[in-house]
There are 2 protein chains.
Amino acid sequence: MTAMTISKVAKKAGVGIETVRFYERKGLVDQPPKPPSGGYRVYPAETGERIRFIRQAQELGFTLREIKELLSLRTDPATDCADVRERAQTKLGEVTRKIALMKGIQAALEKLIAACPGQGALQVCSIIDAIEAPETTRKE
Amino acid sequence: MTAMTISKVAKKAGVGIETVRFYERKGLVDQPPKPPSGGYRVYPAETGERIRFIRQAQELGFTLREIKELLSLRTDPATDCADVRERAQTKLGEVTRKIALMKGIQAALEKLIAACPGQGALQVCSIIDAIEAPETTRKE
DNA sequence: CTTGACTCCGTACATGAGTACGGAGTCTAT
DNA sequence: ATAGACTCCGTACTCATGTACGGAGTCAAG
């Protein structure tokens, strides 16, 4: 069982070595200590999963800063539960909002696909219909 | 009814003037022609909506390049329907996938919130559980 | 017809998120 | 014990996405 070196982690996570190191610098993943005997750092298996999570969260429009916050949410005895709870609820609001927006786009795309293949010119339907202007009810 | 100048558009869309101009340069929104009489450009009302859409799509993790593609999808007689349909379907796949990922995070947050307030130390539950490793079934 | 606010345009600067490079050390297989 | 592959670390470069600046032109009100 070969030790988990940085290149193994990177490969498992589907990123480059430099990216792993970049996330270490940013505090998104822990840099394991160098073994006292000297030599290469050895990574726990979770690091790969953690990086995968980071990448997916990025695809969902979270910044590394936000992802760091997400990752710091965990129920363990050491952290103040009420605080974690509150931050989790804030994040939950964000993702719920994003899901709603995304569903708007999904619906618009489905409508577009449905409208398209019929014959030539049905309605002109734009993706922008996906957004229901929230505040644009002001004239001027 | 005062003409829609660039600052009005920006305000309506909730961005700065420079951002509008930046999107014009990038081809994400059309730059209206300068009136032949000279003077300031006047913008159609849709520009504001369009920019709002751009910002929302960005929050959902789409790049400007991708958003440009999204915006170019529309069923109108001028464009090849089959082509539009195909591109729309690709995009639909992407957003559907994103929704699934986002729901994973949503569920994890809900679980976290539910686990938290009970007493002190219930399970340690990490957000990373949100991701079901797709390919990590390889050992080594 | 002048003043203050706004537009236009080009260019420069900023920030987030990597990516690349290079030299020195380490590990492993032959 | 040496070659080839890999690690470590610092620094520098890149690319996307804006933001800021500055000077010249324009507009509308007093």
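FYI, side chains are in, hydrogens and waters are out, and symmetry mates aren't considered; it's all heavy atoms of this structure. In the text below, chain A, chain B and the rest are named by the order of the sequence lines, each starting its count at 1.
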At under 4.0 Å between heavy atoms, what does [X] touch on the DNA or RNA strands: base, sugar-phosphate, or nothing?
{"X": "B:R21", "value": "base"}
{"X": "B:K26", "value": "nothing"}
{"X": "B:Q31", "value": "sugar-phosphate"}
{"X": "B:G38", "value": "sugar-phosphate"}
{"X": "A:E66", "value": "nothing"}

Rounding to 0.5 Å, atoms CZ (A:R50) and CZ (A:R55) come to a distance of 15.0 Å
Whole-Å distance, A:K8 NZ to D:dT7 C1', equals 12 Å
When rounded to whole Å, the OH to P distance for the pair A:Y23 and C:dG16 reads 15 Å
Residue pair A:Y43/B:S37 against DNA chain D: nearer the 5' end by closest nucleotide is A:Y43
Are any side-chain N or O atoms of A:R41 and backbone N or O atoms of A:P32, one a donor and one an acceptor, separated by less than 3.5 Å? yes
C:dG18 phosphate, OP1 or OP2, under 4.0 Å from A:Q58 side-chain N/O: yes
Judged by nearest nucleotide, the residue sitting upstream toward the 5' end of DNA chain C, A:R25 or A:Y40, is A:R25
Note to self: Tell me whether A:K91 forms a cation-pi arrangement with A:F62, defined as NZ or CZ under 6.0 Å from the six-membered ring centre and within 45 degrees of its axis.
What the structure shows: no
